[in-house]
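These numbers come from the heavy atoms of this one structure, side chains and all, not from hydrogens, waters or symmetry mates. A, B, ... follow the sequence lines: proteins, then strands. Residue 1 opens every chain.
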There are 2 protein chains.
Amino acid sequence: MSAENPTLADKLATAIADGILSGALKPGTRLDEMGLAEQHGVSRTPVREALRQLAMSGLIDMRPRKGAIVSKATPDQVESLFVAMAEMEATCARLAAISMTPIERRRLQARHEAMLVLANAGQTEAYSDANVAFHGAIYAGSHNAPLAEYAMNLRRRVGPFRRAQFQVEGRLVRSNQEHDAVVRAILSGDAAGAHAAMLHHVSLVEDAFEAFAATNAA
Amino acid sequence: MSAENPTLADKLATAIADGILSGALKPGTRLDEMGLAEQHGVSRTPVREALRQLAMSGLIDMRPRKGAIVSKATPDQVESLFVAMAEMEATCARLAAISMTPIERRRLQARHEAMLVLANAGQTEAYSDANVAFHGAIYAGSHNAPLAEYAMNLRRRVGPFRRAQFQVEGRLVRSNQEHDAVVRAILSGDAAGAHAAMLHHVSLVEDAFEAFAATNAA
DNA sequence: ATGGGTCTATTTGCATACAAGATGGATGCC
DNA sequence: GGCATCCATCTTGTATGCAAATAGACCCAT
């Protein structure tokens, strides 16, 4: 939506989304229209439109006449989000195994191998970025825009709840090993294998999140 | 979203969505704000918010400063939508096989058996309604709100492109037979089987659509 | 006749103004 | 002292008005 001539509402939507994803706006934070409006130097009208847009994406919750807050989820709901994301990723991986072009497959492998280096070097930051690109490549490889978009959307939504997953000891190398299984399955066109491997991988990410959350709660 | 105190924008969103789903607003139809506004006896403000909401759901396309139209898809995009829906349904079925409660399973079976009667009686209309409920029950059975919602959303989006699928000769009975495989797999907790059976089923729906579209084009 | 350009009219985008519902505190009552 | 009620205030929802951009028509020139 809105490629080149972003309207104010669009810009606000991405700005607010960035705020949420960067952690500046924590789950539960109230988003009052007036505040956002003068904070961005605009009127309430585009703010309201941006909020409505974000509400549909799930990043924020709006209740009629009660305002909007950054989506705050119960542990159950977070769990659901992780499961949903795992399923979407697995589905994309499955389709990617079927649909990826030879070029895409080569690029995926190259990406994967580059990440092995980063993992061994313990470059958490760089690995994390590469990881996003890696998963994005698989979404794209599904050659199915709706699924890829939704997978990306879910990834964004879980973002606020999984920050710093790679800080769990040894997660980097294990992540890369799991990727290896995914990549092998995709490259060999093994749809079911890709599905299973990705499901396994993302489920472990969830475990890592829980481990991290637990150590932080303590 | 917005359960009890729907705002005008919410009501408009559902009204317009209904118009699209019912076929009153065909793909490609221009949605000018002023027209919709006075047609519903409101101002442009809630109309704009409703449109933005619908745009995020994919039902309409908005281009900045160029207005909104009912989503018009190329055959490729329609194909993608069908594939996406098939995958989502299959995923929900997989999770349903794992997560459904005994009560849900019994109800699903009851639903399914009731539909067998309708199919044999050739009650296209009633079967179609029951079919929506049947698939909805499986979405719900996944016990995963994000996935269920998205599956429902996709079902809505493909709606305008699949109207009257059951008009293909003999589709009713075959649909019910396919459901049988799905139900059996879910009831027996066979996750992979449920996935495969549902994928098969929904893919055939797509074929039926194509057959229908083809006969109409001729 | 066709292509380009300008001008007008329509439509979208944004701001402001107004209305109505929700929230929180003070007040009165038990 | 606790609790319910009422009122003030604040926030959201809707309408209207104005500015800017787009699209379409018309005209002119080649």
Please examine the side chains of V183(A) and I186(A), heavy atoms only from C-beta on, and report whether any two atoms are closer than 4.5 Å. no
Provide the closest heavy-atom pair for C92(B) versus A151(B) in the form atom of the first, atom of the second, distance. SG-CB, 4.2 Å
Is atom CZ of R105(A) surrounded by more than 12 heavy atoms (other residues, nucleotides or ligands) closer than 6.0 Å? yes
Min and max contacting nt of DNA chain C in 5' to 3' order, chain A heavy atoms within under 4.0 angstrom, are dG13(C) to dT23(C)
Quick one: are E89(B) and R155(B) in side-chain contact, heavy atoms under 4.5 Å? yes
State, with a plain yes or no, whether a side-chain heavy atom of F82(B) is found less than 4.5 Å away from one of L154(B). no
Contact list (N/O, under 3.5 angstrom) for nucleotides 12-15 of chain D vs protein:
residue: dT12(D); atom: OP1; partner: R30(A); partner atom: NH2; Å: 3.3
residue: dT12(D); atom: OP2; partner: E33(A); partner atom: N; Å: 3.4
residue: dT12(D); atom: O3'; partner: R65(A); partner atom: N; Å: 3.4
residue: dG13(D); atom: OP1; partner: R65(A); partner atom: N; Å: 2.7
residue: dG13(D); atom: OP2; partner: R48(A); partner atom: NH1; Å: 2.6
residue: dG13(D); atom: OP2; partner: R48(A); partner atom: NH2; Å: 3.3
residue: dG13(D); atom: N7; partner: R44(A); partner atom: NH2; Å: 2.7
residue: dG13(D); atom: O6; partner: R44(A); partner atom: NH1; Å: 3.1
residue: dT14(D); atom: OP1; partner: T7(B); partner atom: OG1; Å: 3.2
residue: dT14(D); atom: OP1; partner: L8(B); partner atom: N; Å: 2.5
residue: dT14(D); atom: OP2; partner: T7(B); partner atom: OG1; Å: 2.5
residue: dA15(D); atom: OP2; partner: S43(B); partner atom: N; Å: 2.8
residue: dA15(D); atom: OP2; partner: S43(B); partner atom: OG; Å: 2.9
residue: dA15(D); atom: N7; partner: T45(B); partner atom: OG1; Å: 2.8

Any heavy-atom pair between the side chains of R156(A) and L59(A) that's under 4.5 Å? yes
Compute whether any side-chain donor of one residue and acceptor of the other, for E178(A) and H200(A), lie under 3.5 angstrom apart. no
